[in-house]
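Written out below as structure tokens is the structure these notes cover.
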Amino acid sequence: GEVQFRVIPKFAPANAQSELYIHTAFMGPDVTVKKEDGIYSATFYNLGKGKAVELYGYWLKSDLTTLYDSGRNTGLTKLDEFHKNQAKIEQEKYWTRMFWNWILPAFIIALWLLSFLGRNRFKKMIWPGVTYPTDTRLYEIPQDIAPLVMSSVVYSAELDEASPTNKEKATPPVFTFEKMLQATLLDLMDRGVIVYEQQGNEVVLTRKSHGHVDDFERSFMNMAFGDQVSCPVNRLFENYKFSDDVYKHAKKADQDAIRSLGSRAQGRFDAAVNQVARDVHRKVEDLHLPSYYRPLEAKEEAQARRSLFFGWAAWFIALGAEIFAIFGMGWFSVPCLIGILTLWFMPVRFNGVFKACLRDGVVNLAGAEQRYYWDSFGRMLKEIAHLNDAELQSLVLWNRLLVYAALYGVADQVTKVMKLRNIHLENQALNAFVYTPFYHDVTHSSHAMSTYGSTASTASHFTVSSGSGGGFSGGGGGGGFGAF
């Protein structure tokens, strides 16, 4: 807002020699002082509530005849000393503003640029040597392998890393935990390992003992069915059921018991998920597939760490400066706060990429080619509603397309196209997935399993603050087995 200020020196005549300066804080608004008939006036803009204003001026003693002989202490000073003090104040204000407005921001920006350029250099260093187009479609499955094996080999995406109990995900998972469960269920149904049967209003799934079932698939079915051979679809994964009723409206006295229950439930959940991930890893080794990843080289790791150092240094200095400005100088700036959040975002994001590279390695030339094929195939599935008649007629093996559509999270789009085209499948389970509420049963069961894990993890870190209801602190931790 605007504040007007006037100084009327009644002790001095209008023609008395004088000067008056009005100072706000070093980072405060500038003030223009005007003198007319011995009266000083000033206008402040955006001064801020409760901000101090200091007056610094003089009136020549010889012009103040009434005070000249009074003997009172009027704060006499020499004129040259007055001007020196004023110049010193102006100099301090100038350099303070120069530091806060230009020098410090320039230094922080320089650190940020070093971090940004270092990150780009790191990306060039790990570049596999070829760039594939990002707008292509592939109309057939690149390689018909189990979804969990493909996600591990091509994308280094593991079931345990996508688990809801793993709160230390380096980067968002390529495929979500729920989609991995859905795709694996459909894959086993398509191959006849799990048989679909409608019993009245209930759908019952039955596991068959086929000799060609891999260990990771047995582990998966053990997780889904428990010790049962047949199970209603709405009771899959029931061994890991955990309700948030355990800690809703809980009291502080129940805290340890709830944490114990949550830890045991999460332990069972993690053991089952990790077993599937380990068996997938062993299957990948047994297949003797070419390696699609290579470990980070020492110089690449050093480059990434330098980039992170400069990025975190820029953020830390900016944060410290903002805290000092607020509490030490009473100066708050919304743009600076936004800048600090922006500075924080880049190293956090790059740190996730770097951790993933340390864990899994980086994609090599063969891996980039495979990713190109699978990315193109996934793009086709995501854009299937926009394909023309000729493109749709070129699609075969709709049962396998449906399996991978579940993995890529676009099963609903594929089923809509199949309904519009009246495409039916010989497999009873997958056909029911397209044309009956069985679709919702499968998605609900996988979502329930994910909810069981996240709820157990919440309970394992449950805490009750004094005078409040229940809550939770922290999160669970999970491990990954990497690509190779």
Side-chain angles (χ1 to χ4, degrees), residues 147-148 151-152 157-170 172-185 187-188 194 205 207 214-228 231-248 250 254-283 359 406-407 441-463 470-482:
L148 290 181
S151 64
S152 176
E158 314 291 347
L159 187 67
D160 60 330
E161 292 170 4
S163 170
T165 62
N166 179 16
K167 304 300 184 183
E168 299 179 359
K169 298 179 179 69
V174 179
F175 305 113
T176 67
F177 183 77
E178 294 181 28
K179 302 309 178 187
M180 287 182 171
L181 297 185
Q182 291 175 29
T184 304
L185 283 171
D187 180 51
L188 295 174
I194 295 178
L205 300 180
R207 57 189 292 184
D214 290 307
D215 288 343
F216 77 90
E217 294 168 331
R218 289 193 184 91
S219 298
F220 181 88
M221 288 190 289
N222 290 338
M223 182 171 68
F225 288 82
D227 57 0
Q228 300 179 24
C231 177
V233 66
N234 58 4
R235 295 179 61 184
L236 289 173
F237 308 108
E238 198 170 49
N239 283 356
Y240 310 97
K241 187 173 184 178
F242 195 87
S243 173
D244 59 3
D245 290 337
V246 171
Y247 54 79
K248 274 187 176 179
D254 304 323
Q255 180 173 291
D256 292 340
I258 291 171
R259 286 188 176 186
S260 178
L261 285 172
S263 296
R264 289 199 299 271
Q266 182 180 337
R268 291 194 303 272
F269 184 95
D270 287 342
V273 171
N274 291 346
Q275 183 63 51
V276 176
R278 280 192 293 268
D279 289 341
V280 169
H281 189 58
R282 280 193 288 267
K283 176 63 177 178
R359 183 193 66 207
L407 184 65
D441 294 335
V442 173
T443 54
H444 174 75
S445 64
S446 59
H447 176 70
M449 178 61 171
S450 180
T451 302
Y452 298 157
S454 59
T455 306
S457 178
T458 298
S460 69
H461 296 83
F462 179 81
T463 184
F472 69 95
S473 62
F481 293 96

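These values consider heavy atoms only, across backbone and side chains, with no hydrogens, waters or symmetry-generated copies. Positions are given from 1, in the same order as the sequence printed here.
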Tell me, please, which residues at least two apart from Asp254 pass salt bridge (Lys or Arg N to Asp or Glu O under 4.0 Å). none
Report the C-alpha separation of Phe216 and His281 in whole Å, then their side-chain angles, then the decisive distance to 0.1 Å, and conclude whether the side-chain contact (heavy atoms from CB on, under 4.5 Å) test is met. CA-CA 9 Å; Phe216 77 90; His281 189 58; over 6 Å; no
Is any side-chain heavy atom of Val273 closer than 4.5 Å to one of Glu158? no
Side chain to side chain, Leu148 and Val276, heavy atoms closer than 4.5 Å: yes
Closest non-hydrogen atom pair between Ala162 and Pro173, with its separation: CB-CB, 4.0 Å
Which heavy atom in His461 sits nearest to a heavy atom in Ser457, and how many Å separate them? ND1-O, 3.1 Å
At what distance, to the nearest 0.5 angstrom, does OG of Ser219 lie from CG of Asp214? 10.5 Å
Residue list, side-chain hydrogen bond (donor to acceptor under 3.5 Å, both in side chains) with Asp244, at least two apart or on another chain: none
Please check: side-chain N/O of Ser260 versus main-chain N/O of Asp256, any donor-acceptor pairing under 3.5 Å? no
Separation between OH (Tyr240) and OG1 (Thr451), nearest 0.5 Å, reads 16.0 Å
Taking C-beta and beyond as the side chain, do Asp270 and Ser163 meet within less than 4.5 Å on heavy atoms? yes
Measuring only between side-chain heavy atoms, which start at C-beta, is Met449 closer than 4.5 Å to Glu178? no
Run the salt-bridge test on Lys283 and Glu217 with the 4.0 Å N-O cut-off and return the result as yes or no. no
Specify the closest pair of heavy atoms between Met221 and Leu188, including all atoms of both residues, with the distance to one decimal. CG-CD1, 3.9 Å
Please assess Val280 against Gln275 for the test side-chain contact (heavy atoms from CB on, under 4.5 Å), listing each intermediate value before the final yes or no. CA-CA 9 Å; Val280 169; Gln275 183 63 51; over 6 Å; no
Enter the distance from Phe175:CZ to Leu407:CG here, rounded to the nearest 0.5 Å. 4.5 Å
Taken to the nearest 0.5 Å, the spacing of Cys231 SG from Ile194 CD1 works out to 10.0 Å
Qualifying residues under ring-ring contact (aromatic ring centres under 6.0 Å, His included), relative to Phe177, sequence neighbours excluded: Phe269
To the nearest 0.5 Å, atom CG of Asn239 lies from atom CZ of Arg268 at 8.5 Å
So, for Met180 and Ala157, which heavy atoms are closest and what is the spacing to 0.1 Å? CE-O, 3.7 Å
Residues Phe220 and Leu181: closest non-hydrogen pair is CE1-CD2, 3.5 Å
Could you work out, with side-chain hydrogen bond (donor to acceptor under 3.5 Å, both in side chains) as the rule, every residue matching Ser151, not counting sequence neighbours? none
Between Phe462 and Val246, does the side-chain contact (heavy atoms from CB on, under 4.5 Å) criterion hold? Intermediate values first, please. CA-CA 10 Å; Phe462 179 81; Val246 171; over 6 Å; no
Would you confirm whether Asn166, through its side chain, and Glu161, through its main-chain N or O, come within 3.5 Å as a donor-acceptor pair? yes
side-chain contact (heavy atoms from CB on, under 4.5 Å) between Leu236 and Val442: does it pass, once the steps are laid out? CA-CA 9 Å; Leu236 289 173; Val442 173; over 6 Å; no
Kindly compute the distance separating OG (Ser446) from CG (Leu185), expressed to the nearest 0.5 Å. 7.5 Å
Taking salt bridge (Lys or Arg N to Asp or Glu O under 4.0 Å) as the definition, give me every residue that meets it alongside Glu238, ordered by chain and number, with sequence neighbours left out. Arg235
Output all residues satisfying salt bridge (Lys or Arg N to Asp or Glu O under 4.0 Å) with Asp279, sequence neighbours left out; order by chain, then residue number. Arg282
Of the non-hydrogen atoms in Thr463 and Arg259, which two are nearest, and what is the gap between them? CB-NH2, 3.6 Å
